[in-house]
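Written below as structure tokens is the structure these notes are about.
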Amino acid sequence: MQQERIKKAICWLLVIACMGVIFWLSSRTAEESAAQSSAIVELITRLFGDGAVTSFIVRKSAHFLEFTGLCFLFNIALYQTKKKPLPILSIALTSAYAITDEVHQLFIEGRSCQFSDWLIDSCGAVLGAAAFVLILHFIRKHCEKKVKFVDTVNN
């Protein structure tokens with residue numbers, strides 16, 4: 001019983017940590033954010049050549065992937081808590097946090113609240129939920145095969 005509570009607490013702490021990282025990244029001024037995006041663009045350009053990626057693509061991909069990860073973590077935490085998958089709730093919670101993230105940016109120098117960013121974040125959430133559901137499906141199928149094999153061997 002204690003081990004279950006620890007597992008749940010760790011899962012929820014990971015959700016909170018991810019939310020904290022997103023908040024911190026959104027707290028960066030437009031100038032700081034642009035510098036970070038430029039550094040990533042330079043790295044990708046060195047690896048794959050000119051024209052491989054733009055700062056715009058890096059920034060929008062960051063939005064998408066941050067919220068993919070957050071939704072995936074929400075799914076794990078909710079699954080540990082409720083013992084059943086709740087992908088729609090995870091998407092809703094992630095999308096709601098994306099709204100607060102966009103509003104937060106209104107108070108940061110040079111940043112703005114954009115509907116398109118919320119939409120990108122929410123699409124990332126859908127991918128995070130879908131990834132969780134698929135992984136859970138494959139884990140369950142794998143476990144079923146093991147049980148069937150053990151039953152066959154024992155009979």
Side-chain angles (χ1 to χ4, degrees), residues 1-140:
M1 193 60 143
Q2 180 69 13
Q3 190 176 9
E4 280 298 309
R5 282 193 292 188
I6 291 170
K7 197 185 306 184
K8 286 178 198 174
I10 289 170
C11 290
W12 285 108
L13 285 172
L14 288 171
V15 168
I16 292 166
C18 185
M19 293 168 88
V21 168
I22 291 170
F23 183 87
W24 176 77
L25 289 170
S26 292
S27 297
R28 300 172 63 87
T29 65
E31 189 176 298
E32 292 169 326
S33 181
Q36 187 175 18
S37 296
S38 294
I40 294 169
V41 169
E42 284 180 35
L43 174 65
I44 293 172
T45 299
R46 276 192 229 132
L47 293 172
F48 300 105
D50 274 346
V53 72
T54 65
S55 183
F56 176 82
I57 292 171
V58 167
R59 285 194 321 273
K60 299 311 170 186
S61 296
H63 268 275
F64 186 84
L65 293 172
E66 287 171 342
F67 287 89
T68 298
L70 178 59
C71 191
F72 190 83
L73 292 173
F74 262 128
N75 273 283
I76 293 170
L78 286 168
Y79 186 79
Q80 286 300 317
T81 302
K82 300 293 185 181
K83 301 301 179 202
K84 63 181 180 177
L86 297 167
I88 301 302
L89 178 57
S90 297
I91 292 168
L93 291 170
T94 304
S95 185
Y97 188 70
I99 292 169
T100 68
D101 180 57
E102 289 304 311
V103 171
H104 168 236
Q105 289 181 48
L106 284 172
F107 303 98
I108 307 301
E109 182 184 330
R111 303 290 293 266
S112 63
C113 176
Q114 295 184 345
F115 176 78
S116 60
D117 284 349
W118 168 79
L119 197 57
I120 290 167
D121 299 342
S122 296
C123 289
V126 171
L127 178 62
F132 174 80
V133 169
L134 281 172
I135 290 169
L136 182 62
H137 171 76
F138 287 123
I139 289 170
R140 285 178 171 172

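Note that the structure is a prediction, hence the values are computed from the model and not measured.
Ring geometry for Phe67 against Tyr97 counts as tilted: the plane angle lies between 30° and 60°, on a 0 to 90° scale.
A pairwise comparison of heavy atoms in Phe72 and Gly128 identifies CD1-O, 3.5 Å as the closest pair. Nearest heavy atoms, Glu102 versus Cys113: O-CB, 3.4 Å. Across Cys71 and Ala125, no two heavy atoms sit closer than the pair SG-O, 3.1 Å. Heavy-atom minimum distance, Ser27 versus Ile108: O-CG2, 3.6 Å. Of all the heavy atoms in Cys18 and Leu73, the pair that sits closest is CB-CD1, 3.7 Å. Heavy-atom minimum distance, Arg28 versus Glu32: CA-OE1, 3.3 Å.
Between Val15 and Leu70, some side-chain heavy-atom pair lies under the 4.5 Å cut-off. Side-chain atoms of Leu136 and Asn75, non-hydrogen and from C-beta on, never get closer than 4.5 Å to each other. Annotation: side chain of Phe132 is in contact with side chain of Pro85 (closest heavy-atom distance under 4.5 Å). When side chains are defined from C-beta on, Trp12 counts as touching Thr81, because their heavy atoms get closer than 4.5 Å.
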Evaluation steps, side-chain contact (heavy atoms from CB on, under 4.5 Å), between Arg5 and Lys8: CA-CA 5 Å; Arg5 282 193 292 188; Lys8 286 178 198 174; 5.5 Å; no
CA sep, side-chain torsions, deciding dist, call: Leu14, Ile76, side-chain contact (heavy atoms from CB on, under 4.5 Å): CA-CA 10 Å; Leu14 288 171; Ile76 293 170; over 6 Å; no
Full working for side-chain contact (heavy atoms from CB on, under 4.5 Å) between Leu127 and Phe64: CA-CA 9 Å; Leu127 178 62; Phe64 186 84; 3.5 Å; yes
side-chain contact (heavy atoms from CB on, under 4.5 Å) between Glu4 and Lys83, intermediate numbers included: CA-CA 11 Å; Glu4 280 298 309; Lys83 301 301 179 202; 2.8 Å; yes
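For the atom pair CG (Leu86) and CG (Leu93), the distance works out to 9.5 Å, reported to the nearest 0.5 Å. The distance from atom CG of Asp117 to atom CZ of Arg111, rounded to the nearest 0.5 Å, is 8.5 Å. Of the inter-residue distances, the one linking Ser37 atom OG with Phe56 atom CZ reads 11.5 Å to the nearest 0.5 angstrom. Put simply, CD1 on Ile88 and CD1 on Ile91 are 4.5 Å apart, with the number rounded to the nearest 0.5 Å. Separating the SG atom in Cys11 from the CD atom in Gln80 is a distance of 4.5 Å, to the nearest 0.5 Å.
Shown are Arg59, Lys60, Gln114; of these, the side-chain contact (heavy atoms from CB on, under 4.5 Å) with Ile120 is made only by Lys60.
By the 4.0 Å N-to-carboxylate-O rule, Glu42 lies close enough to Arg46 to be salt-bridged with it.
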